[in-house]
There are 2 protein chains.
Amino acid sequence: MATIGDVAREAGVSRSTVSYALSGKRTISRETRERIESAISRLGFTVNAGARALATSETMVLGLLLQFHEDEFPPAMLQYIYAISQAAREVGYDILMVTDSDGPAAVRRITQSNMVDGIILLDIAHDDPRLAPLRAARQPAALIGLPRDTEGVDVFDLDFGEAARLLVDQLYGLGHREVILLAPPRHVFERGGAYAWRFRDAAMERAARYGITLYTYYGESQQPAIDRSLNAILDARPTATALIVHNDASIAALPRILQERGTVVPDDLSVVSLFPRDFGRSFQLPYTAVETSPDTLAREAVQHLVRRIIDPDYAPPIVKFVEPELTVRGSTA
Amino acid sequence: MATIGDVAREAGVSRSTVSYALSGKRTISRETRERIESAISRLGFTVNAGARALATSETMVLGLLLQFHEDEFPPAMLQYIYAISQAAREVGYDILMVTDSDGPAAVRRITQSNMVDGIILLDIAHDDPRLAPLRAARQPAALIGLPRDTEGVDVFDLDFGEAARLLVDQLYGLGHREVILLAPPRHVFERGGAYAWRFRDAAMERAARYGITLYTYYGESQQPAIDRSLNAILDARPTATALIVHNDASIAALPRILQERGTVVPDDLSVVSLFPRDFGRSFQLPYTAVETSPDTLAREAVQHLVRRIIDPDYAPPIVKFVEPELTVRGSTA
DNA sequence: TATATTCGTCGAACCGGTTCGATCGCTGAT
DNA sequence: ATCAGCGATCGAACCGGTTCGACGAATATA
């Protein structure tokens, strides 16, 4: 590989001149610049990322930390990963994807060794053990998901509480007074997935205020338990007139289950849910729902992170809740 | 951040001594080593990855290049991504994930700038445009998927031809003589996804040999077209007694569709398929099938790649087909 | 006892960039 | 005619590691 020294020699200038021609940080005469450019293309020169990183202390890489929980629904995760990667590239950054099962160690490893300029965390737990090493790090971080303590980090998340209220309101307005809430699996709550109880608690609070009887159940994460539990829940509450599903794995299975049971939506049962917008691409989900948009969330997180990398205190840490939007699909009556 | 110079000063030795103590490449006295180690932990020293990469020309990072096609089924992709990431970490490497839509440019960018020690390519097209820049690169590559020309790269893939034969044999042995083959979407063929026609052609060849009438159809990739096309196909061939599904998106929707139609498996129709082993985790797929194992494939690719990074010509380039395995689930009669 | 080895350590060079300060030739203002 | 100011370029230092050759002291060999 050609180095900047080779280019300098070929163009008959010094290394620093080549560097300045590349960065444009000092004026270079038209003639010299052209000589350098032609030398670069003749030699096929590309700057060595490691050397540049060493000199500038900027790697132009973002760390993407994620854990893969057995009880998580894969399609949803990929939405985020992909969106983050795309958004990062748009602003000139690459993604170092780290899936270590030991999250805190992973954070320490990549921040202390200076492999990345910033960090994005997915799958935030209420007391996320990765936050401590993250706060100790030199690099800024953006979280997608809400932890208990947001100090020193930027947070982006859907307003799950508001989403729940929106859905309950919708059902209440249509006259439903006996509703089943299918929440995420129990492990999600135990692990501290705050989005789970933010949604559940808001739904319960709202239902209570309206005098709605809300039956709360926790879904399963893997087949065939998903099917079994859905059937069991529906069997247990024959008088319920509506179903709120906050559970990706279950919502994907629901159409088939209802079909099997001969339950017609919305005649026999109203169904509302909450899932990523692109689920429709993979699954047939004809339900009125709050559609989350991983793309938007990811893009916003990345852009904020990059701004903070460039200027660490361009603004105080933010906690941004994306407003949920209801897409009505006529699965309610 | 403490540098190796800080450690050296703290321990009262030279920088090189610290380096040798770290790498173990030269003998260091017990006493000195202990002084260095305590200095390291006192200062919280971690080697700077960029500096080490510059000095050693080894980044300990693998590039993972993938493109996200609209007509692909996301869950399958994630299996690979995750497995590769895990396998890489096991052997000390991190993953730089690149999703640029311009694949060849991405290959050039990360290889020429020396960001990675090796490259893994997913989603190989028959004439994959990324291969040219890859062969020009200094870094070795492993492909998951089979291109036309395998020169200079290591290739890992399921033996799709054999998989097809296995499934056709299975049906033939049970007496089926009129079979529907649901292949991947047309775009996959057009784009050059070799696995698609390797499976299809082998199935057709085998069917012809046995005198089986094979109706070949191409599935859709997105809802609601998937549902529509499945129904149309089943309507068009009421006399077919078996269905071979080589199409992730369709197989995920199939149970519901059959339910809707009142078709009982295997009494009314035998179904066999080909999908990743872990699909059972997300979807309820009670079908006899060749189950692919992204984990195994990914692990093998990564391990080979790393070996080749360490010793570029430890062996000639390999093309490794993983033998398909049939899991019988009683969806045939 | 003289000599060859081995052990433990150091200094310097190098990896491939960036950046600061200095120099030099011109131009324009005084 | 003098000098400030600017444009264009260079050299050197630096980023934080690794590695090679050298060297003194201790140990083994003859």
Side-chain angles (χ1 to χ4, degrees), chain A residues 1-37 39-40 43-61 109-117 138-139 310, chain B residues 1-37 39-40 43-61 109-117 138-139 310:
Chain A
M1 273 293 89
T3 73
I4 203 172
D6 300 334
V7 173
R9 195 175 323 114
E10 178 85 5
V13 298
S14 73
R15 297 194 303 149
S16 53
T17 303
V18 177
S19 180
Y20 284 123
L22 247 39
S23 69
K25 293 190 178 175
R26 284 195 184 176
T27 47
I28 300 290
S29 72
R30 187 166 157 43
E31 187 208 354
T32 306
R33 198 177 335 111
E34 280 165 5
R35 278 220 315 288
I36 290 174
E37 274 159 14
I40 285 178
L43 269 49
F45 165 80
T46 312
V47 298
N48 179 308
R52 171 174 281 175
L54 180 56
T56 60
S57 305
E58 284 189 358
T59 62
M60 300 307 281
V61 172
R109 190 167 63 78
I110 69 172
T111 57
Q112 294 186 359
S113 65
N114 251 295
M115 303 182 78
V116 299
D117 293 341
R138 191 170 37 282
Q139 297 93 336
I310 293 166
Chain B
M1 273 296 87
T3 74
I4 202 172
D6 300 335
V7 174
R9 194 175 324 113
E10 179 85 5
V13 298
S14 73
R15 296 195 303 148
S16 52
T17 301
V18 177
S19 180
Y20 284 123
L22 246 39
S23 68
K25 292 189 180 175
R26 284 195 186 175
T27 47
I28 299 289
S29 73
R30 186 164 157 44
E31 186 208 356
T32 306
R33 196 175 338 110
E34 279 166 5
R35 278 219 315 288
I36 290 175
E37 273 159 15
I40 285 178
L43 269 48
F45 165 79
T46 313
V47 298
N48 179 310
R52 170 173 283 175
L54 180 55
T56 60
S57 305
E58 283 188 1
T59 61
M60 300 307 283
V61 173
R109 191 167 62 78
I110 68 171
T111 56
Q112 295 186 358
S113 66
N114 251 295
M115 302 181 80
V116 299
D117 293 341
R138 191 167 39 282
Q139 298 93 336
I310 293 167

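In the text below, chain A, chain B and the rest are named by the order of the sequence lines, each starting its count at 1. Everything quoted here is computed from the prediction, not taken from an experiment.
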Point to revise | Phosphate OP1/OP2 of D/dT9: any A/Thr17 side-chain N/O under 4.0 Å | key: no
Review point. So what does B/Thr46 hit on the nucleic acid, given a heavy-atom distance under 4.0 Å: a base, only sugar-phosphate, or nothing?
Key: sugar-phosphate
Check your understanding: Within this structure, what is the CD1-to-P distance between A/Ile4 and D/dC10, rounded to whole angstrom?
Key -> 12 Å
Check your understanding: Nearest 0.5 Å, what's the CZ-CE distance between A/Arg52 and B/Met115?
Key -> 10.5 Å
Point to revise | Donor-acceptor contact below 3.5 Å, side chain A/Arg138 vs main chain A/Thr111 | key: yes
Practice item. Look at B/Glu37 together with B/Arg33 and state whether they make a salt bridge at an N to O cut-off of under 4.0 Å. Key: no
Check your understanding: Which residues in residues 21-32 of chain A have at least one heavy atom lying under 4.0 Å from any atom of DNA chain C?
Key -> A/Lys25, A/Arg26
Review point. At what distance, to the nearest 0.5 angstrom, does CD1 of A/Ile4 lie from CG of A/Leu22?
Key: 6.0 Å
Revision key, fill the gap. Rounded to whole Å, CE of B/Met60 lies from P of D/dT18 at a distance of 12 Å
Review point. Within the structure, does a side-chain N or O atom of B/Arg15 lie under 4.0 Å from either OP1 or OP2 of D/dG16?
Key: no
Review point. Between D/dG17 atom P and B/Glu58 atom CD, what is the distance in whole Å?
Key: 17 Å
Exercise for review: Tell me which of B/Ser16 and B/Gly50 sits closer to the 5' end of DNA chain D, going by the nucleotide each one is nearest to.
Suggested key: B/Gly50
Check your understanding: Which whole-number value in Å describes the distance from A/Asn114 CG to D/dG17 P?
Key -> 9 Å
Review point. About how many Å separate CD1 of A/Ile110 and OG1 of B/Thr46, when rounded to the nearest 0.5 Å?
Key: 12.5 Å
Check your understanding: How long is the span from the CD1 atom in B/Ile40 to the CZ atom in B/Arg35, to the nearest 0.5 Å?
Key -> 12.5 Å
Study note, to complete from the structure: From CZ of A/Arg52 across to C1' of C/dT19 the rounded distance in Å is 13 Å
Check your understanding: Can you find an N or O donor on one side and an acceptor on the other, under 3.5 Å apart, linking the side chain of A/Tyr20 with the base of C/dC20?
Key -> yes
Review point. Below 4.0 angstrom from OP1 or OP2 of C/dG16, is there any side-chain N or O of A/Thr3?
Key: no
